[in-house]
There are 2 protein chains.
Amino acid sequence: MPALEQLPACPVETTLTLISDKWKMLIVRDLLDGTKRFGELRRSVGNVSQKVLTSNLRQMEADGLVSRKVYAEVPPRVEYSLTETGRSLRIVVDAMWRWGEQYKAGLASVRHG
Amino acid sequence: MPALEQLPACPVETTLTLISDKWKMLIVRDLLDGTKRFGELRRSVGNVSQKVLTSNLRQMEADGLVSRKVYAEVPPRVEYSLTETGRSLRIVVDAMWRWGEQYKAGLASVRHG
DNA sequence: CTGCATCCTAGTGGATACTG
DNA sequence: CAGTATCCACTAGGATGCAG
């Protein structure tokens, strides 16, 4: 977890520091559907390299947004899910979802007069 | 304005493409308070270089989020404000604001037991 | 004051190969 | 399958100087 003192004063900036990496919001979006294995997540997120996905997940784990569960199996199985805090990001994802839809609806209506 | 077809299918991704640059959400945050001059905006946003702020503003203008008004004065005066669409980003900024506050409150309570 | 143009740096993110 | 280790490319972003 980051130290409280080193987070920006502005709450908006705090949020940005935690989730503005290229894939983090998409990871949250997908994990809101429930626990996923690494490979599964990688496919659903889109065009992420394995290295970058791992790195983003590690940071999110350190920030208390994601939890990681390793099963002692062969082949290995690792499952990722959102923590309580991670799930609370739903309000942000939802806001983005709604805004994105509105925006595209706006474009479409302009287009068709 | 971007072409509808070239935006991602997922509304969340659409939103991200439009506002995930380093400073854009902060620009929105600050312009929600009302019209601002370039220099004023630069100071309120924080540590942005002039070039980058200009570039972000130009993109946001092209995306229909910001409008730019130039006054024929010496010295020049340029004012930026949010368009209707830009103002509708308030729901996203608000969600981020609330989440950031919660997050910090959580850190504080853990800290103090 | 605002805005270009130029140059330069840093760091994210991608490709690949290899391990447990 | 998941992860680590390199190596590399790219470009967002910063610094500076000049112009209208």
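Protein chains get the first letters and strands the later ones, always in sequence-line order, with residue 1 at the start of each.
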(message) Quick check against the 3.5 Å criterion: does B:Ser44 have a side-chain atom that pairs as donor or acceptor with the backbone of B:Leu41?
(response) yes
(request) Not counting sequence neighbours, list each pair that qualifies as a ring-ring contact (aromatic ring centres under 6.0 Å, His included) and has a residue in residues 60-111 of chain A. (result) A:Trp99-A:Tyr103
(message) So does A:Pro11 get a backbone contact from the side chain of A:Thr15, meaning a donor-acceptor N/O pair under 3.5 Å?
(response) yes
(message) For DNA chain C, which residues of residues 59-83 of chain A approach it to below 4.0 angstrom with any heavy atom?
(response) A:Pro76
(message) Among residues at least two apart in sequence or on other chains, which ones pass side-chain contact (heavy atoms from CB on, under 4.5 Å) with B:Arg37?
(response) B:Glu40, B:Arg77, B:Glu79
(message) Taking ring-ring contact (aromatic ring centres under 6.0 Å, His included) as the definition, give me every residue that meets it alongside B:Trp23, ordered by chain and number, with sequence neighbours left out.
(response) none
(message) Can you list, in residue-number order, the parts of residues 38-49 of chain B that come under 4.0 Å of DNA chain D, counting heavy atoms only?
(response) B:Asn47, B:Ser49
(message) Considering only residues two or more places apart or on different chains, which pairs with a residue in residues 87-106 of chain A satisfy salt bridge (Lys or Arg N to Asp or Glu O under 4.0 Å)?
(response) A:Glu84-A:Arg87
(message) Can you pull out every salt bridge (Lys or Arg N to Asp or Glu O under 4.0 Å) where at least one residue sits in residues 4-26 of chain A? Sequence neighbours excluded, please.
(response) A:Glu5-B:Arg111, A:Glu13-B:Arg29, A:Asp21-A:Lys24
(message) Taking side-chain contact (heavy atoms from CB on, under 4.5 Å) as the definition, give me every residue that meets it alongside B:Ala108, ordered by chain and number, with sequence neighbours left out.
(response) A:Leu4, B:His112
(message) Side chain of A:Arg37 only, heavy atoms from C-beta on: which candidate in C:dC4, D:dT4, D:dA2 is closest?
(response) D:dA2
(request) Report the residues that fulfil side-chain contact (heavy atoms from CB on, under 4.5 Å) with B:Ala72, sequence neighbours left out, ordered by chain and then residue number. (result) none
(request) Please state how far atom CE in B:Met25 lies from atom C1' in D:dA12, giving the value in whole angstrom units. (result) 19 Å
(request) Please tell me which of the listed nucleotides, C:dG3, D:dG3, C:dG13, lies nearest to the side chain of B:Gln50? (result) C:dG3
(request) Please list residues of residues 17-24 of chain A whose heavy atoms come under 4.0 Å from any atom in DNA chain C, ordered by number; otherwise none. (result) A:Asp21, A:Lys22, A:Trp23
Distances under 3.5 Å between protein N/O atoms and the N/O atoms of nucleotides 8-11 of chain D, please, pair by pair.
none

(message) My understanding is that only residues two or more places apart in sequence, or in another chain, count here; which of them pass salt bridge (charged side-chain N to carboxylate O under 4.0 Å, His left out) with A:Glu61?
(response) none
